[in-house]
Protein chains: 4
Amino acid sequence: MSSVTSAGTAVRPLRKDAERNRALILGAAREVYAAQGLDAGFDEIARAAGVGVGTVYRRFPERGDLVEALFEQEIDAVVARVEQAAADPDPWRGLGDFLRWGAEAQAADRGLAQVLAAAGRGHERVAAGRDRLRPAVEALVRHAQQAGVLRDDVTEVDLGIALAMISQLGDAGSSDLRDRYVTLVLDGLAVRRDGPTPLPPAQPSEDDLACVVAPARRHR
Amino acid sequence: MSSVTSAGTAVRPLRKDAERNRALILGAAREVYAAQGLDAGFDEIARAAGVGVGTVYRRFPERGDLVEALFEQEIDAVVARVEQAAADPDPWRGLGDFLRWGAEAQAADRGLAQVLAAAGRGHERVAAGRDRLRPAVEALVRHAQQAGVLRDDVTEVDLGIALAMISQLGDAGSSDLRDRYVTLVLDGLAVRRDGPTPLPPAQPSEDDLACVVAPARRHR
Amino acid sequence: MSSVTSAGTAVRPLRKDAERNRALILGAAREVYAAQGLDAGFDEIARAAGVGVGTVYRRFPERGDLVEALFEQEIDAVVARVEQAAADPDPWRGLGDFLRWGAEAQAADRGLAQVLAAAGRGHERVAAGRDRLRPAVEALVRHAQQAGVLRDDVTEVDLGIALAMISQLGDAGSSDLRDRYVTLVLDGLAVRRDGPTPLPPAQPSEDDLACVVAPARRHR
Amino acid sequence: MSSVTSAGTAVRPLRKDAERNRALILGAAREVYAAQGLDAGFDEIARAAGVGVGTVYRRFPERGDLVEALFEQEIDAVVARVEQAAADPDPWRGLGDFLRWGAEAQAADRGLAQVLAAAGRGHERVAAGRDRLRPAVEALVRHAQQAGVLRDDVTEVDLGIALAMISQLGDAGSSDLRDRYVTLVLDGLAVRRDGPTPLPPAQPSEDDLACVVAPARRHR
DNA sequence: AATGAATGAGCTTTCATTCAT
DNA sequence: GATGAATGAAAGCTCATTCAT
């Protein structure tokens with residue numbers, strides 16, 4: 001049990017110092033990626049972690065490995081938060097919380113925004129994280145639609161895209177500002193007495209989400 | 001007349017060949033920036049223009065100079081389009097056209113999207129362009145609000161930000177997809193029978209627009 | 001004519017300064033490769049040439065380009081020398097000169113030895129040089145055999161291999177020492193009154209030459 | 001006995017597991033050096049031995065220490081083989097066996113070839129091995145010369161160098177190919193009815209053997 | 001004593017900017 | 001004024017050796 005990662009692969013546990021460095025690196029990467037996005041160099045992360053570059057490469061031989069290891073954790077947190085929103089007895093409030101919190105999280109972390117936008121293109125475990133995310137968002141959508149508060153012609157993907165749009169209100173944008181547009185978008189999503197304007201096209205695909213810009217560095 | 005740039009500063013007129021090169025460079029930059037965004041190197045622009053890099057540097061010593069010269073023109077086109085939308089006898093249709101066309105234009109031109117998002121941060125003349133843009137958008141907003149179709153608590157800045165959000169649905173996003181979110185956002189903007197949800201905060205400032213990400217190249 | 005390289009491809013002549021640097025680089029490469037072999041880094045060559053690394057990369061984008069450009073010249077010199085040996089009215093003396101001079105040249109230039117040993121594996125123009133070399137050595141062999149001084153069961157390839165063997169008597173070996181073994185090998189090659197010992201196998205192929213060690217750096 | 005290494009220096013006996021590791025490392029080094037030459041990294045040897053790199057460094061602090069320990073053994077085998085050849089009642093056959101077998105052995109073991117070529121330059125105990133080798137080769141030479149089949153002007157050093165030359169016909173060369181050049185060189189070494197060509201210089205020194213290339217790793 | 005993690009120098013390659021021609 | 005060659009800093013990655021566990 002203790003020698004099993006969250007991915008389920010049995011591995012020998014790292015030596016204590018190695019584990020400490022691994023944690024230092026992940027911590028540094030979190031900060032650096034949050035501040036600069038995924039283009040940040042290993043050099044900078046190593047410096048921030050107080051270890052040599054070689055150590056980063058030893059622990060994460062492929063650049064993607066670090067991204068995966070880091071955002072696997074982060075996405076787990078996102079999933080938990082979304083599930084919590086989906087469980088809200090007031091589905092509309094849950095929807096709002098989802099958008100607000102999601103926008104907040106991505107605004108505070110450029111790396112997270114890039115990873116979510118790229119939908120784990122090339123990141124197996126991140127993509128797996130997205131797969132865990134999806135049912136939660138679907139539940140959110142279903143509940144709100146069943147409660148008659150969310151228009152019927154939007155899907156789980158629309159919600160993801162709406163979130164991505166709001167999240168572009170970058171790092172510098174104040175929390176208030178994001179709230180303003182969350183509200184505005186929510187109003188667009190709400191069921192209207194006079195009925196919503198029909199949305200073209202019928203069904204955006206999961207891949208459409210990946211079109212949202214801010215593409216992560218191309219991993220060779 | 002010939003010894004005056006469009007910005008109004010008196011300069012010695014360029015030699016004829018220099019003038020020709022300037023035009024070649026601007027043309028090339030338009031294409032390159034549209035395709036790759038403002039991070040594209042001068043090298044590439046020079047190649048596309050069929051001149052040496054040195055020539056580009058001589059004509060536009062600072063990277064910003066080229067951006068300014070180029071997008072001053074482009075923004076003029078945007079202004080014209082917005083004024084046309086503002087003149088539409090059907091203000092709601094004008095609003096829709098503004099968003100649709102704006103999103104389209106930015107999707108087709110990554111550089112334009114970056115410039116508009118950055119709101120001319122550091123680009124004096126681009127900022128001036130935005131100042132010409134503002135009254136047109138204000139007119140658009142005023143007309144639609146007077147006609148009772150646009151909620152009263154949104155401003156021209158909100159409209160700019162809404163456009164920026166939609167425009168983030170990058171180059172790869174299909175026109176249909178953009179339309180979908182234009183529609184959705186428009187529904188959020190529309191006056192509702194049951195009244196809109198109040199928007200926080202009261203008044204986003206002009207500078208808030210600059211928070212929209214897609215940041216220009218980081219200058220060391 | 002003046003704008004044509006020795007390979008026959010028409011190119012625009014380099015600017016004077018570029019040409020000067022190209023020459024500096026080739027000169028430096030000659031020395032560095034001679035002393036250290038083809039594994040030497042571009043950094044070192046640049047330093048020896050007194051130019052920046054970037055310049056070396058500009059002029060020779062692929063590592064192989066520099067090797068080719070350099071040894072194309074060198075091999076031309078080798079070819080000339082071998083042709084001269086083949087033209088000697090005394091074929092046996094020609095043979096001796098070939099071995100002596102060839103061994104000398106390779107002992108003085110580790111790079112040349114590597115290039116000749118690798119037989120231009122991956123170096124188009126070097127291989128072409130070898131192709132020009134071959135007929136000259138064949139003539140040498142033929143003349144000596146027709147004169148009845150060289151045993152009939154050796155071929156052009158055998159001569160190449162014999163040369164390679166002697167050339168391994170490295171850089172430090174004195175000229176006298178090499179002469180000693182040239183003489184010894186020549187005695188093995190000479191027609192003997194009591195007849196030579198038959199040589200297995202019948203026909204070494206051209207590729208066998210490439211088996212001689214000292215393999216050049218693997219070019220990616 | 002157990003507290004004395006084969007070199008005769010008194011040392012505290014190794015712990016049993018240390019002794020086992022030492023053996024594992026030597027076995028692995030034999031294989032790795034044979035395949036890749038002496039440039040192989042300690043890392044690779046450690047992996048092949050199934051121990052950590054640190055262990056290799058502890059056991060053999062200097063790279064040379066491992067080479068010495070390993071080839072001291074190997075050279076003993078060579079010495080035995082040469083003595084056997086020297087004992088052959090047919091001295092010419094003994095000579096042929098020596099060259100053939102020596103070339104074969106070096107072709108099969110790049111490390112051995114490098115060590116013999118470097119003649120123990122900087123390897124005290126390997127040099128000592130060569131000292132044991134020398135009388136055997138001298139006997140070989142003496143017998144063959146006394147039998148009138150080997151020319152009188154060659155020495156045991158010449159034989160070593162001849163062997164080194166042939167051995168350069170690297171790992172890839174077929175056994176047949178090596179035989180071809182063994183034969184050719186033997187013909188050069190044989191007494192000729194019409195008398196041999198005199199060899200310059202009179203006496204190659206022992207050190208001349210070290211000039212044969214295939215230099216060991218360059219120590220920075 | 002054994003381990004393999006950590007180190008950091010070194011080499012490669014690219015590219016924005018300057019400058020000789 | 002135009003050119004594109006030259007520059008050198010920077011980023012990526014590897015690997016021989018040391019050292020904490």
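Every heavy atom of this structure was used, including side-chain atoms; hydrogens, water molecules and symmetry mates were not. A, B, ... follow the sequence lines: proteins, then strands. Residue 1 opens every chain. Just so it is clear, the model here is predicted, and its values are computed rather than measured.
Spacing between atom CD1 of I25(C) and atom P of dA5(F) amounts to 12 Å, rounded to whole angstrom units. In this structure, L66(C) places its CG atom 12 Å from P of dT12(E), rounding to the nearest Å. As a whole-Å value, the separation of E62(B) CD from dT18(E) C1' is 14 Å. Straight-line distance from the CG atom of D39(D) to the P atom of dC15(F): 13 Å, rounded to whole Å. The distance between atom CD1 of I45(D) and atom P of dA16(F), rounded to the nearest whole Å, is 10 Å. Taking atom CD of E19(C) as the reference point, atom C1' of dT21(E) lies 14 Å away to the nearest angstrom. Going from atom CD of E44(D) over to atom P of dA16(F) covers 9 Å, rounded to whole Å. In this structure, F60(B) atom CZ and dT17(E) atom P are separated by 15 Å, rounded to whole Å.
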Let me see the working for V67(D) and Q114(D) under side chain to side chain contact (heavy atoms under 4.5 Å, CB included), right down to the final yes or no. CA-CA 11 Å; V67(D) 171; Q114(D) 286 179 293; over 6 Å; no
Take L66(D) and I45(D), measure what side chain to side chain contact (heavy atoms under 4.5 Å, CB included) needs, and give me the verdict at the end. CA-CA 11 Å; L66(D) 175 53; I45(D) 291 167; 3.9 Å; yes
I would like to know whether F60(B) and E68(B) meet side chain to side chain contact (heavy atoms under 4.5 Å, CB included); could you show each step before the answer? CA-CA 10 Å; F60(B) 305 98; E68(B) 297 242 43; over 6 Å; no
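Within a 6.0 Å radius of CD in Q73(C), more than 12 heavy atoms belonging to other residues, nucleotides or ligands are found. Annotation for E62(B): atom CD does not count as buried by contact number, only 12 or fewer foreign heavy atoms lying within 6.0 Å.
Counting any heavy atom pair closer than 4.0 Å across all strands shown, G41(A) reaches sugar-phosphate atoms only and no base atom. As judged by a 4.0 angstrom heavy-atom cut-off over every strand, F42(C) is placed among residues touching the sugar-phosphate backbone only.
Comparing atom distances between the A18(D) side chain and each of dA5(F), dA2(E), dA5(E) picks out dA2(E) as nearest. Set against dA5(E), dC13(F), dA16(E), the side chain of N21(A) has dA5(E) as its closest nucleotide. Nearest nucleotide to the side chain of V53(D), out of dT17(F), dT14(F), dA6(E): dT17(F). Taking every side-chain heavy atom of Y57(D) into account, dT18(F) is the closest of dT7(F), dA2(F), dT18(F). Taking every side-chain heavy atom of R63(A) into account, dC13(F) is the closest of dC13(F), dT17(F), dG8(F). When the nucleotides dT7(E), dT18(E), dT3(E) are ranked by their closest atom to the side chain of T55(D), dT3(E) comes out on top.
The phosphate of dA20(F) has neither OP1 nor OP2 within less than 4.0 Å of any side-chain N or O from R20(A). Using a 4.0 Å cut-off, no side-chain N or O of R58(C) falls inside it from OP1 or OP2 of dT7(F).
Between R47(A) and G52(B), the residue anchored nearer the 5' end of DNA chain F, judged by the nucleotide with its closest heavy atom, is G52(B). In terms of position on DNA chain E, the residue among V51(D) and G54(A) whose nearest nucleotide sits closer to the 5' end is V51(D). Mapping D43(D) and V56(C) onto DNA chain F via the closest heavy atom, the residue that lands nearer the 5' end is V56(C).
Using N1 to N3 plus N6-O4 or O6-N4 for Watson-Crick, or N1-O2 and O6-N3 for G-U wobble, each under 3.5 Å, dA20(E) pairs with dT3(F).
A40(D) and V32(D) get closest at one heavy-atom pair: CB-CG1, 3.4 Å.
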